[in-house]
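Worksheet: the structure to be examined is printed underneath.
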2 protein chains.
Amino acid sequence: MSRFQELVVEHGREKALDPGEHVFSQGDSDSNVYFVKTGLLKAYYIRADGKEHIKSFLPEGSIIGSMVALVDGDACTFSLQALEDGVVVALPYAKLELAAQNDVDLANALIAFLSTYGKRKERREYELLSLSPEDRFAILLETMPDIADRVSQADMAAYVGVTPQALSRIKRRMAK
Amino acid sequence: MSRFQELVVEHGREKALDPGEHVFSQGDSDSNVYFVKTGLLKAYYIRADGKEHIKSFLPEGSIIGSMVALVDGDACTFSLQALEDGVVVALPYAKLELAAQNDVDLANALIAFLSTYGKRKERREYELLSLSPEDRFAILLETMPDIADRVSQADMAAYVGVTPQALSRIKRRMAK
DNA sequence: GCGACAAATGAACCTCGGTTAATTACGGAC
DNA sequence: GTCCGTAATTAACCGAGGTTCATTTGTCGC
């Protein structure tokens, strides 16, 4: 566990989650960083037409927060919802940022966190820009081998960026 | 100009660029951060089948570098090429990271940079995941009104994620 | 002006995902 | 076991983008 994660756990406030429960919703103002102690969450956008697109699945050990909400105090651009029951730890990001101004170690822990975040987004951008739905699905299965047992096909489809029907077709294509 | 940008300009090494010239190519190991003083660059992926996808256009004032190359010293995941002649300033990221370990101000400048980077990627992820090519094209024109005069239709298409022919069709649809 | 090359558009056909709706498979509650 | 509700699959049709190639437009060098 990184220094940053330890910090969050140490100074944060625990919150138990039931399946389906929201940590925050798109449009909320919530500038906490969340550490996933146990369970599985999903971060997702709701479009104007009601369609849902999943940014990422967040298993144990993940750290998450809406970047613009954390940094600028804007409204969250996505929703965060528990898929299983579990426990998250919340820590106000502003406190971290403030404390970092006088604490080199903390500042460097923040740097490490933001670097990891940046790398993750860079990879996701590549996947979305350059890979087909089929490739993205394959990568999802590789990266999180247990995902098929933990979430519905509809959620996997929303992550890959297609409808559940299309994902079903993709699975059939991949099988042979 | 942010503290971080000033730092790069102050301590970096200038490099003039001709149109078409590469700053680095996919697969290179180049852990410099680049500040675009003048000109316009594109950051793009080349897929196995030779197709090109543009991550972002980088006009004057932009900061860029391959996150995994900067942080982990891995090979660059994309290429960086000048579209116009111009000048960039290069600064080894490792030096910054090292110096940040003993300099709170520098560390916080780095935090600000990484935060901005994270926000930008978060927005792009949303666009790629939730918007249609048509919407993405409209946003591009909004965000960079002069882009149509500065780059080819092929490059705009590679940014939006479609073929030049498809972009042509999209333009026709949007006109009426 | 002309000629040559690149860029953009247009047309014809194909593929794949979206849409809608029906069908099948699964998982408790009883 | 049956019943019921949900999830997953399948099918049929549509539309948008990909592919290929031809045509037009634009832009230089001269």
Side-chain angles (χ1 to χ4, degrees), chain A residues 18-21 40 42 44-54 57 81-85 127-141 144 146-176, chain B residues 18-21 40 42 44-54 57 81-85 127-141 144 146-176:
Chain A
D18 293 325
E21 190 176 346
L40 178 67
K42 68 172 173 183
Y44 67 98
Y45 299 107
I46 291 280
R47 291 199 315 202
D49 62 8
K51 229 156 257 138
E52 178 182 322
H53 284 278
I54 294 182
F57 294 111
Q81 183 185 26
L83 296 174
E84 305 172 352
D85 49 23
E127 290 177 12
L128 290 172
L129 204 47
S130 299
L131 300 184
S132 64
E134 187 163 334
D135 290 337
R136 290 202 294 272
F137 181 56
I139 288 179
L140 173 63
L141 293 180
M144 305 183 68
D146 60 346
I147 195 71
D149 300 324
R150 297 178 80 177
V151 310
S152 69
Q153 194 117 320
D155 275 344
M156 287 193 288
Y159 177 85
V160 169
V162 297
T163 59
Q165 292 90 326
L167 184 57
S168 190
R169 282 189 288 229
I170 288 172
K171 280 170 65 178
R172 201 185 341 153
R173 267 209 311 270
M174 285 171 69
K176 54 165 198 238
Chain B
D18 293 324
E21 189 176 347
L40 178 67
K42 70 172 172 182
Y44 67 98
Y45 299 108
I46 291 279
R47 293 197 315 200
D49 62 8
K51 229 156 256 139
E52 177 181 323
H53 285 278
I54 295 183
F57 294 112
Q81 184 184 25
L83 296 174
E84 305 172 354
D85 50 22
E127 289 178 13
L128 290 171
L129 203 49
S130 298
L131 300 184
S132 64
E134 186 164 334
D135 290 338
R136 289 202 294 273
F137 181 56
I139 287 179
L140 174 63
L141 292 181
M144 304 184 68
D146 59 347
I147 195 71
D149 301 324
R150 298 178 79 177
V151 310
S152 69
Q153 194 118 318
D155 275 344
M156 287 194 288
Y159 177 84
V160 169
V162 297
T163 60
Q165 293 88 328
L167 185 58
S168 190
R169 282 188 287 231
I170 287 172
K171 280 170 64 180
R172 202 186 337 155
R173 267 210 310 273
M174 286 171 69
K176 55 165 199 243

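In the text below, chain A, chain B and the rest are named by the order of the sequence lines, each starting its count at 1.
Listed by chain and number, the residues in a side-chain contact (heavy atoms from CB on, under 4.5 Å) with B:Ala82 are B:Leu17, B:Leu41 (sequence neighbours excluded). Judged as a side-chain contact (heavy atoms from CB on, under 4.5 Å), and not counting sequence neighbours, the contacts of B:Asp146 are B:Met144, B:Arg150. For B:Arg47, the salt bridge (Lys or Arg N to Asp or Glu O under 4.0 Å) partners two or more places apart in sequence, or in a different chain, are B:Asp49. Judged as a side-chain hydrogen bond (donor to acceptor under 3.5 Å, both in side chains), and not counting sequence neighbours, B:Glu127 has no contacts. The side-chain contact (heavy atoms from CB on, under 4.5 Å) test applied to B:Asp135 returns B:Leu131, B:Ser132, not counting sequence neighbours. Every residue was checked against the side-chain hydrogen bond (donor to acceptor under 3.5 Å, both in side chains) condition with A:Gln81, not counting sequence neighbours, and none meets it. Shown here are the ring-ring contact (aromatic ring centres under 6.0 Å, His included) partners of B:Phe137, two or more places apart in sequence or in another chain: there are none.
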Expected list for residues 163-170 of chain B: side-chain donor-acceptor pairs under 3.5 angstrom, two or more places apart:
{"from": "B:Thr163", "atom 1": "OG1", "to": "B:Ala166", "atom 2": "N", "distance (Å)": "3.2"}

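Between A:Tyr44 and A:Glu52, the closest heavy-atom pair is CD1-CG, 3.4 Å. Between A:Lys42 and A:Ile54, the shortest heavy-atom distance links the atoms CD-CD1, 3.7 Å. Closest non-hydrogen pair, B:Glu84 versus B:Pro19, comes out as C-CG, 3.9 Å.
Residues from residues 152-168 of chain B with heavy atoms under 4.0 angstrom of DNA chain C, sorted by number: B:Ser152, B:Gln153, B:Ala154, B:Gln165, B:Ser168.
Protein chain B contacts DNA chain C over a range whose 5' and 3' limits, counting nucleotides with an atom under 4.0 angstrom from a non-hydrogen atom, are C:dA8 to C:dA12. In the 5' to 3' direction, nucleotides of DNA chain D lying under 4.0 Å from heavy atoms of chain B begin and end at D:dG17 to D:dC21.
Over its full length, the helix from C:dG1-D:dC30 to C:dC30-D:dG1 turns its helical axis through 40°, comparing axes from the five pairs at each end and rounding to 10°.
Applying the side chain to side chain contact (heavy atoms under 4.5 Å, CB included) test between A:Asp155 and each of A:Ile147, A:Val160, A:Leu83 identifies A:Leu83 as the sole match.
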